[in-house]
Each structure stands twice: as C-alpha cells, then as structure tokens.
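All values reported here derive from a predicted model rather than from experimental measurement. Atoms within each ligand, like the ligands themselves, are counted from 1 in listed order.
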Amino acid sequence: MKQVWLPSVSYNLWSLSDSRVGQEFWFCDMKRGFNKVRQKEPQVKALLEDNKHQRIGKLAQGGVYEFYQNPQLLSQSEGVEEVAAILKLNQEPEEVQERIIVILNNYYKKPILVGKEIIQLSKGDEGFTSPITIQEGSYYFHLYAPTDCTFKQPDGTIHILDFKTGKSDFDRRQAYVYLLAASYLYPQQPSVASFYNLEAVLASDIITATPEQLKFVQIELADIAKRYELEKMHYGENPNDFAKIFPPNPGSACRYCTFNSICEFSVSEVSR
Ligand code: SF4
C-alpha cells in the first residue's frame, strides 16, 4: 500500500536540530542545511557518501549479523576471517579494514547476542525502514526509528540495543526515540534501551522512560518536524537565504565537520 506523505522526523533530525546541553560549541544549524536540503547537490552528496564513520558502522553491524546468522563461526578458529570475507573487507580502505577486524575480534571474544531472544536484527544495509505514524494533537507526523537490534528479555521486557563504534558517546535522546517507537510497536510490553560500543567493548546504562517523558519527547519531535517543514519551504522559495535559514556557527565544530571543505564559513584551517 502506498504510504501517505507526512512530515517526518528521526533521531538524526533531532540531533541536527538541537544542541545537547553543554555541547553548544559543537552545534551548527548549517550542518542541518547541508544534510537535509542540499544533500542532492553533487559536492554535498559526495561528502555524505564518503563518510568513513558511517561505513564502519554499517560493516560492524553486518559483522554482528553474520555471527548471529552463523553461530558456528564463534567456535571456529578462523571465524573472524570468515566473517571478514563475507563482508568483502578486502575491498575497503586500510583503516576501515583494521578497525572492523578489531570489532569482529571483540565480538568473537564477547558475543553479547548469544542466548538472546532476538526479535529483529539489522544487517546494516536495509536503507529506509517503514515509519510509525504519530498523532500529536491535530498534527500527524512520521517517526523513523530504525533499530540495530531488538530482543525480548526473559521477563518479557522489550530491549532495544543500539550498536556504536568509534568515540561516539551515548546520546540519551536516541534512546528516547527508540522507546517512543517501542511504545507504539509493542504497546503491551515494557521497554528499555541501551547502547553498546563494539569497538570500545563498552555498554551504557539501561535507559527507561515514563509515559510523561515519552509524551514530552513526542511533543518535542512534533515541534522539530514542524520547524523543519518551514525551513524546507523557506529554502525552496529563497535558496540564497541558506545562511539565514541555517545560520553557521564557525568554531571548534568546523574542524570535524563533514562539510568544512565546501562551507564558506569554515574556520577549520585557522584553528589548526
Ligand atoms: S564548516 Fe563550520 S560553519 Fe560550516 S557547516 Fe560545518 S560547523 Fe558549520
């Protein structure tokens, strides 16, 4: 059935729309502009596609998936090499290969999904998933909350597990988006969320949310979806106002910004 168009929102849009408390210096509205309204421009597209961090995340997820699908590999001495071959790791840049081998070895030594009642496990290459339609007051929007792994705990609690790689820290807002999605997908069961860094072998606390907290998250997401629709409309009408609609925040954030090579406001060269 054809999906009805509705404004949409995701954790990604939330993270690009609001700064985390105390990390305002990292935040830049213009990144949202590049990511969301200029993503089809060839230069921007190329930068978005050449994202090593995302590539490592997808391959790491693929590795976990293959170990789960072929559990006998966990008891074979060549298990890591076999998964690396399935992932065609030899076709990746050297740094990506090295980091994925570390991740596969970590998982091989500590296969955290063994024995879990898995409900869903992403292969890492699914693309867009179906959204959840949410009504907030008279406003309808689509929530996209693709999950890495969902399993059922022995007591029936739904546990959403998000895999991380690299130095990315755990953002509780992402957990709240998962928990809001779970409240629609599994309304009869309690749910929790957590993060697990496959590279650092580090698990977060278990995160829960009360119905009041989820309502707050839902209102916040509806606001973000509305704001973004307005921005898109303004940009469509006046592309020359890009920097007014998505104000830059030149500074420390530029150094690690995906767009610093094409952003006229970047100060990354100066700060080196
Ligand atoms: S280079 Fe700096 S100013 Fe430009 S989008 Fe990135 S963080 Fe913002």
Is a donor on one side and an acceptor on the other found under 3.5 Å between the side chain of D205 and the backbone of I207? no

Pair E95 + R99: basic N to acidic O under 4.0 Å: yes

Numbered atoms of ligand 1 (with element) below 4.0 Å of [X], judged on heavy atoms:
X: N260; answer: 1 (S)
X: C263; answer: 1 (S), 3 (S), 4 (Fe), 5 (S)
X: P248; answer: 3 (S)

Atom 2 (Fe) of ligand 1 contact by C257, N, O or S atom under 2.8 Å: no

What is the closest protein heavy atom to atom 2 (Fe) of ligand 1, and at what distance does it sit? C254 SG, 2.3 Å

Give me the ring orientation class for F246 and F242: parallel if the planes are under 30° apart, tilted from 30 to 60°, perpendicular past 60°. tilted

Taking both backbone and side chain into account, is any N, O or S atom of C28 nearer than 2.8 Å to atom 6 (Fe) of ligand 1? no

Please report the closest heavy-atom contact between G79 and Y108, naming both atoms and the distance. CA-CE1, 4.3 Å

Out of E117, H159, Q189, K116, which one pairs with Q153 under the side-chain hydrogen bond (donor to acceptor under 3.5 Å, both in side chains) rule? H159

